[in-house]
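One structure below.
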Amino acid sequence: MSEVNKGPVGLGIIGSGLAVKLLHWPALKRMAEQYRVVASCDIDLKMAQEVAKMAGKDLASPDCQVTTDYRELLANEAVEAVLVSLPIHLNAQIMIEAARAGKHILCEKPLAANLPQAQELVASLRPFKNLVIEIAENFHYREDLAKAREWAEAGRIGEVFLVQMSAPFYSDTSSGFAGTPWRWDNQYRGGIIADAGVHHAAALRELGGEVEQLQAFSKAVHPQMRGMDTLVLNLRYRSGALGSLVFAGAAKSPQGSFVQATVYGTEGALQVGEGRVALFEGANDKASKKDEFAVADFDGGYWAEFKNFYEAIRQGAPVVSTVEQALADWTIVMRALDSAESRSVILL
């Protein structure tokens with residue numbers, strides 16, 4: 001490996017909004033030796049300038065270029081890789097242009113605005129074998145999900161026959177991610193189910209493997225956000241196990257949670273959520289906790305996501321959250337919507 005390839009990756013950021021500042025930045029700050037932010041782009045110049053200022057302070061990147069034109073960023077030779085953090089309907093086009101510009105790509109999920117566009121994107125990116133292309137699906141990097149899968153595969157709860165997941169929460173449009181206008185009048189299919197539910201599709205696959213069949217019902221409840229926001233999804237895994245997801249992005253619940261899951265086996269159960277896994281044996285009043293795992297400084301997998309991206313670029317490490325993985329996640333969401341609309345069971 002040449003000396004230049006041991007240094008930090010020159011990162012250009014396309015889209016300088018909340019995801020970068022709230023989700024990605026804490027991870028990047030921990031990796032100041034691995035990344036330099038050399039360019040920041042947003043259609044809002046002030047937003048791009050804010051990220052450039054943060055880069056100078058936190059990532060030893062005092063000369064970060066600021067632009068409102070992503071094409072200018074892609075033409076910058078100092079940009080070795082890009083972090084794409086844009087409204088969902090823009091992801092596919094920007095990824096293709098970044099690949100043609102010879103940039104490694106870390107793009108926020110989901111990878112496209114609908115299923116045909118996602119399928120076309122994956123096919124179009126296939127020839128760029130010299131580039132690292134990763135989808136920022138942090139659930140594929142969560143240690144709690146990985147530990148639950150490890151214990152299940154080791155037979156610690158017997159044969160897995162059911163994965164049950166619940167996600168009741170409220171999308172508050174007065175602040176935070178739900179307060180961004182492109183989410184209210186979305187130009188992508190599926191509304192909140194698409195934007196947030198793709199995480200749960202990833203989690204269902206992490207815990208149970210590939211999905212064979214599904215059936216869903218959906219509903220639009222939220223008073224301000226367009227599109228579907230509530231979903232009841234039943235599925236059958238290729239292993240023969242069953243799965244279910246109750247998702248509600250408009251649920252005003254005092255005990256709201258973005259994801260809580262239970263994996264049931266013939267000898268016990270695993271409870272998974274927010275960086276913890278608990279293993280139970282026995283049933284009913286005889287059930288007892290036999291083991292527990294807790295992630296230290298749980299960040300939802302974002303640091304591991306950026307670590308994988310860096311190691312893939314510098315050391316040739318395999319990408320965990322590939323475009324193929326993202327397509328499999330997205331297929332579950334999109335086909336669930338198809339099922340709800342057609343009132344049918346769908347074979348994947």
[X] versus [Y]: any side-chain heavy-atom pair under 4.5 Å?
{"X": "Leu233", "Y": "Leu204", "result": "yes"}
{"X": "Val79", "Y": "Leu74", "result": "no"}
{"X": "Arg183", "Y": "Tyr188", "result": "yes"}
{"X": "Glu324", "Y": "Leu327", "result": "no"}
{"X": "Val163", "Y": "Tyr237", "result": "yes"}
{"X": "Val38", "Y": "Asp63", "result": "no"}
{"X": "Asp229", "Y": "Tyr170", "result": "no"}
{"X": "Leu145", "Y": "Leu207", "result": "yes"}

Would you say [X] and [Y] are hydrophobically clustered, going by side-chain heavy atoms of ILVMFWY under 4.5 Å?
{"X": "Leu73", "Y": "Ile13", "result": "no"}
{"X": "Tyr141", "Y": "Val323", "result": "no"}
{"X": "Ile332", "Y": "Val122", "result": "yes"}
{"X": "Phe309", "Y": "Ile14", "result": "no"}
{"X": "Tyr310", "Y": "Val20", "result": "yes"}

Is a salt bridge present between Lys307 and Glu311, judged by a nitrogen-to-oxygen distance below 4.0 Å?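 Salt bridge: yes.
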Indicate yes or no: does Arg335 engage Asp338 in a salt bridge with an N to O separation below 4.0 Å.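 Salt bridge: yes.
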Is the side chain of [X] donor-acceptor paired with the backbone N or O of [Y] at a distance under 3.5 Å, no angle test?
{"X": "Arg314", "Y": "Pro8", "value": "yes"}
{"X": "Ser61", "Y": "Arg36", "value": "no"}
{"X": "Ser171", "Y": "Gly249", "value": "yes"}
{"X": "Asp144", "Y": "Gly300", "value": "no"}
{"X": "Ser344", "Y": "Ser339", "value": "no"}

Between [X] and [Y], what is the shortest heavy-atom contact and its length?
{"X": "Asn76", "Y": "Ala39", "result": "ND2-CB, 4.2 Å"}
{"X": "Met225", "Y": "Thr173", "result": "CG-CG2, 3.7 Å"}
{"X": "Thr266", "Y": "Gly158", "result": "OG1-CA, 3.5 Å"}
{"X": "Gly190", "Y": "Leu337", "result": "CA-CD1, 3.6 Å"}
{"X": "Ser40", "Y": "Cys64", "result": "N-SG, 3.7 Å"}
{"X": "Asn130", "Y": "His104", "result": "O-CE1, 3.8 Å"}

Which distance, rounded to the nearest 0.5 Å, do you find between the [atom1] of [X] and the [atom2] of [Y]?
{"X": "Phe298", "Y": "Glu274", "atom1": "CZ", "atom2": "CD", "result": "5.5 Å"}
{"X": "Thr331", "Y": "Ile346", "atom1": "OG1", "atom2": "CD1", "result": "11.0 Å"}
{"X": "Met95", "Y": "Ile105", "atom1": "CE", "atom2": "CD1", "result": "5.0 Å"}
{"X": "Ile135", "Y": "Cys107", "atom1": "CD1", "atom2": "SG", "result": "5.0 Å"}
{"X": "Glu159", "Y": "Glu267", "atom1": "CD", "atom2": "CD", "result": "10.0 Å"}
{"X": "Arg142", "Y": "Glu137", "atom1": "CZ", "atom2": "CD", "result": "9.5 Å"}

Show which side-chain atoms of residues 85-92 pair as donor or acceptor with protein atoms under 3.5 Å away, not counting sequence neighbours.
unit_1, atom_1, unit_2, atom_2, d
Asn91, ND2, Glu108, O, 3.3
Asn91, ND2, Pro110, O, 2.8

Ring pair (Phe, Tyr, Trp, His ring centres under 6.0 Å) involving His200 - partner list, sequence neighbours excluded: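 Applying ring pair (Phe, Tyr, Trp, His ring centres under 6.0 Å) to His200 gives Phe247, Phe258.
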My understanding is that only residues two or more places apart in sequence, or in another chain, count here; which of them pass ring pair (Phe, Tyr, Trp, His ring centres under 6.0 Å) with Phe139?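 Applying ring pair (Phe, Tyr, Trp, His ring centres under 6.0 Å) to Phe139 gives His199.
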For Thr67 and Asp69, which I'm curious about, is there any donor-acceptor pair between the side chains at under 3.5 Å?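 Distance-only check fails for Thr67 and Asp69.
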When you check the side-chain N and O atoms of Gln325 and Arg205, is any donor under 3.5 Å from an acceptor?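 Checked: Gln325/Arg205 side chains pair up, N/O donor to acceptor below 3.5 Å.
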Does [atom1] belonging to [X] count more than 12 external heavy atoms closer than 6.0 Å?
{"X": "Gln224", "atom1": "CD", "answer": "yes"}
{"X": "Leu348", "atom1": "CG", "answer": "yes"}
{"X": "Phe217", "atom1": "CZ", "answer": "no"}
{"X": "Lys21", "atom1": "NZ", "answer": "yes"}

Partner of Leu162 under side chain to side chain contact (heavy atoms under 4.5 Å, CB included), chosen from Leu242, Thr262, Val263: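 Among the candidates, only Leu242 passes.
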Stepwise side chain to side chain contact (heavy atoms under 4.5 Å, CB included) test for Phe169 and Val259: CA-CA 9 Å; Phe169 64 96; Val259 60; over 6 Å; no
For a salt bridge (Lys or Arg N to Asp or Glu O under 4.0 Å) check, start with the C-alpha distance between Lys147 and Glu150, then their side-chain angles and the critical distance, and finish with the verdict. CA-CA 5 Å; Lys147 179 59 69 173; Glu150 176 191 320; 3.3 Å; yes
Less than 3.5 Å apart, which donor and acceptor atoms pair up between the side chains of residues 285-296 and the rest of the protein, not counting sequence neighbours?
unit_1, atom_1, unit_2, atom_2, d
Asp291, OD2, Arg156, NH1, 3.0
Asp291, OD2, Arg156, NH2, 3.1

Out of the candidates Asp195, Asp329, Asn138, only one should pair with Lys109 under the side-chain hydrogen bond (donor to acceptor under 3.5 Å, both in side chains) rule; please name it.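 Between Lys109 and the candidates, side-chain hydrogen bond (donor to acceptor under 3.5 Å, both in side chains) is satisfied uniquely by Asp195.
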Could you tell me which residues satisfy side-chain hydrogen bond (donor to acceptor under 3.5 Å, both in side chains) with Asp185, sequence neighbours excluded, listed by chain and number?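 Testing Asp185 for side-chain hydrogen bond (donor to acceptor under 3.5 Å, both in side chains), a comparison that skips the adjacent residues, returns Arg226.
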Could you please spell out the steps behind the side chain to side chain contact (heavy atoms under 4.5 Å, CB included) verdict for Val82 and Ile94? CA-CA 10 Å; Val82 292; Ile94 301 298; over 6 Å; no
Kindly state each residue pair satisfying side-chain hydrogen bond (donor to acceptor under 3.5 Å, both in side chains) with at least one member in residues 238-251, sequence neighbours excluded.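 Of all non-adjacent pairs touching residues 238-251, none passes side-chain hydrogen bond (donor to acceptor under 3.5 Å, both in side chains).
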Step-by-step side chain to side chain contact (heavy atoms under 4.5 Å, CB included) determination, Ile157 to Trp151: CA-CA 8 Å; Ile157 57 170; Trp151 283 357; over 6 Å; no
Test Glu212 against Leu347 for side chain to side chain contact (heavy atoms under 4.5 Å, CB included), laying out the working first. CA-CA 6 Å; Glu212 176 180 272; Leu347 179 65; 4.0 Å; yes
When the ring planes of His24 and Phe306 are compared, do they come out parallel, tilted or perpendicular, using 30° and 60° as the limits?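 The arrangement is perpendicular - the two ring planes meet at more than 60°.
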